[in-house]
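All values below were derived from every heavy atom in this structure, side-chain atoms included, with hydrogens, water molecules and symmetry-related copies excluded. Counting starts at 1 for both ligands and their atoms, following the listed order. We count residues from 1, following the sequence as given. Keep in mind that what you see is a predicted model, and the values were worked out from it rather than measured.
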Amino acid sequence: MLDTFIHKGKRKRLVELLEKKGISDEAVLEAIGAIPRHGFVEGAFSAEAYEDKALPIHAGQTISQPFTVAFQTQLLQIKKGQKVLEIGTGSAYQAAILAKMGAKVYSIEREARLHREAAVRLEDLGLEVMLKYGDGTQGWLENAPYQGIIVTAASPSVPDSLMKQMAIGGRMVIPVGSLEKQRMYLVKRVNRAEWTKEILQSFKFVPLIGRFGFPDQD
Ligand code: SAM
């Protein structure tokens, strides 16, 4: 994918904007400054790729707003080499940011077309991410526990299945609420039997559809 001087300049301005909006984690800002977001959106939207907004992708889904990506990633406090599970691969932009930060990323997507396109994009960028097609509300037990779990779609509750796949000391970032509006939850696993939960600001995500999410309307 072509990454020009103009793209780099636009990315630098996006990073500055995110800093103004309160993102301070250097590793997150560096990754956003490095990953070419214009390669994760459809051609018609590439001129808007470095604006701080969500954009449509295939299958009626969206690539999250850069601020949302930065906010969720910052909350994870992930260190190099740690395992992160993402539910909702979508365009694979969020997965690329985490991989660039040195995380070992596992990502699940329920839309077959998005899952296939994500694999091609990540390979083009030389980023290694383990991808799975299926219902992410059940997690990915074979590779658990995860130091971080990031859910990038709106959930009606925090699925037990995901709580149980968190490492002790691990963090989960998940938007919880109705289809119209959600609050970001930060869940921390204290020990085998205890978790804490902080409720943060409001967001609007596309729905998490699956066994422990919202029902499929189709
Ligand atoms: N992280 C994505 C990115 O960087 O482009 C944005 C994701 S988009 C806001 C939410 C994604 O969650 C959609 O692609 C949707 O198909 C997916 N999704 C919804 N329910 C899911 C489920 N149960 N398992 C896996 N993916 C799911």
Inset, instruction - Identify, for atom 9 (C) of ligand 1, the protein heavy atom at the shortest distance, and state residue, atom and that distance. - result: Thr152 O, 3.2 Å
Inset, instruction - Step through the shown structure and confirm whether more than 12 heavy atoms of other residues, nucleotides or ligands are within 6.0 Å of CD on Glu128. - result: no
Legend entry - Protein contact to atom 24 (N) of ligand 1 [nearest heavy atom, distance to 0.1 Å]: Gly136 N, 2.8 Å
Inset, instruction - Provide, to 0.1 Å, the distance between atom 13 (C) of ligand 1 and the closest protein heavy atom, together with that atom's residue and name. - result: Gln61 OE1, 3.3 Å
Legend entry - Lys/Arg N to Asp/Glu carboxylate O, Arg11 vs Asp3, below 4.0 Å: yes
Legend entry - Nearest protein heavy atom with distance in Å, relative to atom 26 (N) of ligand 1: Arg110 N, 3.3 Å
Legend entry - Polar side chain donor-acceptor pair, Glu109 to Thr89, under 3.5 angstrom: no
Inset, instruction - Answer yes if the side chains of Thr73 and Gln94 hold a donor-acceptor pair under 3.5 Å, and no otherwise. - result: yes
Legend entry - Any Ala96 heavy atom less than 4.0 Å from ligand 1: no
Inset, instruction - Before signing off on this row, confirm whether Ala95 and ligand 1 have an N or O atom pair separated by under 3.5 Å. - result: no
Inset, instruction - Return the option from Pro175, Ala54, Gly88, Pro207 holding the heavy atom at the smallest distance from atom 19 (C) of ligand 1. - result: Pro207
Inset, instruction - Using a 4.0 Å heavy-atom threshold (strictly under), name the region of Leu114 that reaches ligand 1: side chain, backbone, both or neither. - result: side chain
Legend entry - Residue part near ligand 1, for Ile63, under 4.0 Å between non-hydrogen atoms: both
Inset, instruction - Give me the ring orientation class for Phe71 and Phe203: parallel if the planes are under 30° apart, tilted from 30 to 60°, perpendicular past 60°. - result: tilted
Inset, instruction - Consider every N or O of Gln94 and every N or O of ligand 1, then say whether any pair is closer than 3.5 Å. - result: yes
Inset, instruction - Classify the angle between the aromatic ring planes of Tyr50 and His7 as parallel (below 30°), tilted (30 to 60°) or perpendicular (above 60°). - result: tilted
Inset, instruction - Write out the residue and atom name of the closest protein heavy atom to atom 23 (N) of ligand 1, then the distance separating them to 0.1 Å. - result: Ile209 O, 2.7 Å
Legend entry - Considering all heavy atoms, the nearest Ala96-Phe40 contact: CB-CZ, 3.7 Å
Legend entry - Identity and separation of the nearest protein heavy atom to atom 14 (O) of ligand 1: Glu109 OE1, 2.8 Å
Inset, instruction - Return yes when Ser64 approaches ligand 1 closer than 4.0 angstrom through a heavy atom, no otherwise. - result: yes
Legend entry - Nearest-contact summary for atom 8 (S) of ligand 1 - protein heavy atom, Å: Thr62 O, 3.0 Å
Legend entry - atom 5 (O) of ligand 1 - nearest protein heavy atom and its distance: Ser91 OG, 2.6 Å
